Amino acid sequence: MTAEKVERIRQLLTEALAPVELDVIDEGHKHAGHSGEGKGHFFARIVSPAFAGQNPIQRHRLVYQALGDMMPDGIHALSIDSKAPGE
């Protein structure tokens, strides 16, 4: 199930943000026994032209918007490293 979530996250971020670099990592193993265990803890590193001129909050909003319904129903925690090319 987690592999499918990782692939779905990659697909949604690719469609919305056209990243030049994208890494999505399942970090669920770091959260065993924590609240939301099994709902999905992920790390996303995204380099996208869509982030040019955007502050970190605006960038995170773009990511959340791209992931849509996955945020409340498929992702418990998401750590984001968002950069524009050249940063």
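What you are looking at is a predicted structure, and each value in this text was computed from that prediction instead of being measured. All values below were derived from every heavy atom in this structure, side-chain atoms included, with hydrogens, water molecules and symmetry-related copies excluded.
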Inset, instruction - For S79, enumerate each residue passing the side-chain contact (heavy atoms from CB on, under 4.5 Å) test, keeping only those at least two apart in sequence or located in another chain. - result: F43

Inset, instruction - Taking side-chain contact (heavy atoms from CB on, under 4.5 Å) as the test, write out the residues that go with P49, two or more places apart. - result: V20, P85

Which pairs count as salt bridge (charged side-chain N to carboxylate O under 4.0 Å, His left out) when at least one residue sits in [range], sequence neighbours excluded?
range: residues 55-64; result: R59-E87
range: residues 7-19; result: none
range: residues 41-53; result: E21-R45, D23-R45

Inset, instruction - May I ask you to list the residues sharing a hydrophobic cluster with I57, side-chain cutoff 4.5 Å, ordered by chain and number? - result: none

If you compare all heavy atoms of [X] against all heavy atoms of [Y], which two are closest, and at what distance to 0.1 Å?
X: S48; Y: P19; value: CB-CA, 4.0 Å
X: L13; Y: A44; value: CD1-CB, 4.4 Å
X: F51; Y: S82; value: CE1-CB, 3.6 Å

Gap separating the [atom1] atom of [X] from the [atom2] atom of [Y], nearest 0.5 angstrom:
X: L67; Y: I9; atom1: CG; atom2: CD1; value: 6.0 Å
X: I80; Y: F42; atom1: CD1; atom2: CZ; value: 12.5 Å
X: H60; Y: Q65; atom1: NE2; atom2: CD; value: 14.5 Å
X: M71; Y: H76; atom1: CE; atom2: NE2; value: 10.5 Å

Report yes if the side chains of [X] and [Y] come closer than 4.5 Å at any heavy-atom pair, otherwise no.
X: T14; Y: L22; result: yes
X: V63; Y: L78; result: yes
X: L12; Y: L17; result: no

Inset, instruction - Could you list the residues that satisfy side-chain hydrogen bond (donor to acceptor under 3.5 Å, both in side chains) with Q54, not counting sequence neighbours? - result: none

Inset, instruction - Could you please spell out the steps behind the side-chain contact (heavy atoms from CB on, under 4.5 Å) verdict for I25 and V6? - result: CA-CA 7 Å; I25 300 167; V6 168; over 6 Å; no

Inset, instruction - Inspect the surroundings of CG in N55 and state if more than 12 heavy atoms from other residues, nucleotides or ligands are less than 6.0 Å away. - result: yes

